[in-house]
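Working notes, structure below.
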2 protein chains.
Amino acid sequence: MLERDFPEIRALPLFAGIAADSFEALMRGAYLQTFPPQIDLIREGDPSDFLHVVTEGAVEMFASWSGRDTVIQTVRPVSTFILAATIRDAPYLMSARTISRSRLVLIPSQDVRDVFEADPAFARAVVMDLAQCYRSVVKHTKDLKLRNSIERLANYLLRQRKAAGDAAAFQLPVEKRRLAAFLGMTPENLSRAFRSLEAYGVVTDGASVRINDPSDLVGFARPTPLIDDGDL
Amino acid sequence: MLERDFPEIRALPLFAGIAADSFEALMRGAYLQTFPPQIDLIREGDPSDFLHVVTEGAVEMFASWSGRDTVIQTVRPVSTFILAATIRDAPYLMSARTISRSRLVLIPSQDVRDVFEADPAFARAVVMDLAQCYRSVVKHTKDLKLRNSIERLANYLLRQRKAAGDAAAFQLPVEKRRLAAFLGMTPENLSRAFRSLEAYGVVTDGASVRINDPSDLVGFARPTPLIDDGDL
DNA sequence: AAGGTTGATTGACATTTATCAATCTGCCTT
DNA sequence: AAGGCAGATTGATAAATGTCAATCAACCTT
């Protein structure tokens, strides 16, 4: 029942504007897989064999070195990952694992490269996608290098609040230990950072977070679109 | 004497394979500027007006937040910068300043976007460029999140050594305070990191660095292509 | 309901990194 | 040659962050 996913994949900016036969060429070789949580999908260093599309669930991109681990990003439906490696035909720089039951569509990398060569509209869409990915990593780098851990958490919470439609309370979308790794700190430190933010009206209970006075937190976090705006 | 730069710009992977009239269209509106050191070229947040090409000198890309500064990368001839912002017609995420006397060719962003729409070969070249930029920032992020400051310096020195053709001694290409910012530490800390590396045969004298026993330093630094290989 | 497992939290402590102030050094200018 | 300046280094100290061990809490499973 792979076809069930076609419409929402087609709706992705990466595929929305491409020729019908290009899309068909990509989907012809594609196949569907469903995975339980905690399954390793790809390992950094491996050659790029498939472009991955998450249509359900959630996937964590992480990297390791000398026994240490860190999370680079979390991918949620509907989006692709490891496009850059696929296009350049280069080894993955990140590993990926499911963090919940997930449905993935796998498109053979060679097909992606073929369509990329043949369909200019697809090439342009890839550019837009990669430019956004690039800018998003740059923002993450700025976050890491310019802010300390409490500031990173404060701004993360404000971003989540916005993503939740400025709701006063929302749920963290990932486990705290994963959030800690994403924010570049240990789980212990994240706990303490949450404690520190109580002074600015942040109340947590498990995965649920309430921001009592956003303007107070904003005063501390000093968010800037040049780091915190997802669309930019 | 803008034309003097055309051949080496044309030789860039970004422009090498594009149609003659595409290249001509880009160069028609382009103009040349020469700057002394320490001149601000662009400021983060500004709209993207020109694609910049450095043909001589060196340009530092940096970012600021709340009175703090950090260096994201240094751009050396011959290369472009802020391609992603240009293509997406989005504000710059980084500022740029010259760090030595520099010669820049400025191509109006609108021309770049026009050629991007019209010439599929250019669109594909932009993809390759952006994919590389993206992967390079990912590597930088991994470096920052997975290594401490001494390890970052050790691996940086090994990369420089390789760039210098595995010479036993080489010059640091930037001032130490800039290197410190790039590596995500203070200048004081960089000094101490150099001292720590003396134990592994790293001898410095001003900007010149000698690595007596590379295998010793490698043993400490544990470089990996997935972070330290520039081509990957 | 009991037990087991996993993640979160806390406290004590160690390590890393930053800050501040004081030289030191090399280079430039006059 | 003297002075001045900017960057680099050093030492003392503070702050931030990590580590380790213990405990707690929530959620499974049976």
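In what follows, every chain begins at residue 1, and chains take the letters A, B, ... in the order their sequences are listed.
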Let me know the distance between [atom1] of [X] and [atom2] of [N], rounded to the nearest Å.
{"X": "B:Leu197", "N": "D:dT9", "atom1": "CG", "atom2": "P", "answer": "13 Å"}
{"X": "A:Asn148", "N": "D:dA15", "atom1": "CG", "atom2": "P", "answer": "13 Å"}
{"X": "B:Leu190", "N": "C:dT16", "atom1": "CG", "atom2": "P", "answer": "17 Å"}
{"X": "A:Lys176", "N": "C:dT10", "atom1": "NZ", "atom2": "C1'", "answer": "13 Å"}
{"X": "B:Asn189", "N": "C:dT19", "atom1": "CG", "atom2": "C1'", "answer": "11 Å"}
{"X": "B:Arg68", "N": "C:dT17", "atom1": "CZ", "atom2": "P", "answer": "17 Å"}
{"X": "A:Glu188", "N": "C:dA8", "atom1": "CD", "atom2": "P", "answer": "11 Å"}
{"X": "A:Leu153", "N": "C:dT9", "atom1": "CG", "atom2": "P", "answer": "11 Å"}

Any [X] side-chain nitrogen or oxygen under 4.0 Å from OP1 or OP2 of [N]:
{"X": "A:Thr186", "N": "D:dT17", "answer": "no"}
{"X": "B:Ser149", "N": "C:dT17", "answer": "yes"}
{"X": "B:Arg192", "N": "C:dT16", "answer": "no"}

Distance in Å, B:Arg147 CZ paired with B:Leu183 CG, rounded so as to fall on 0.5 Å steps: 10.5 Å

Aromatic ring pairing A:Phe50/A:Tyr31, orientation class (parallel under 30°, perpendicular over 60°, tilted between): perpendicular

A:Phe182 and A:His140 aromatic ring geometry - parallel, tilted or perpendicular at 30°/60° bounds: parallel

Side-chain donor-acceptor pair present, A:Arg222, B:Ser66, cut-off under 3.5 Å: yes

Any donor-acceptor N/O pair under 3.5 Å between D:dG7 base and B:Arg178 side chain: no

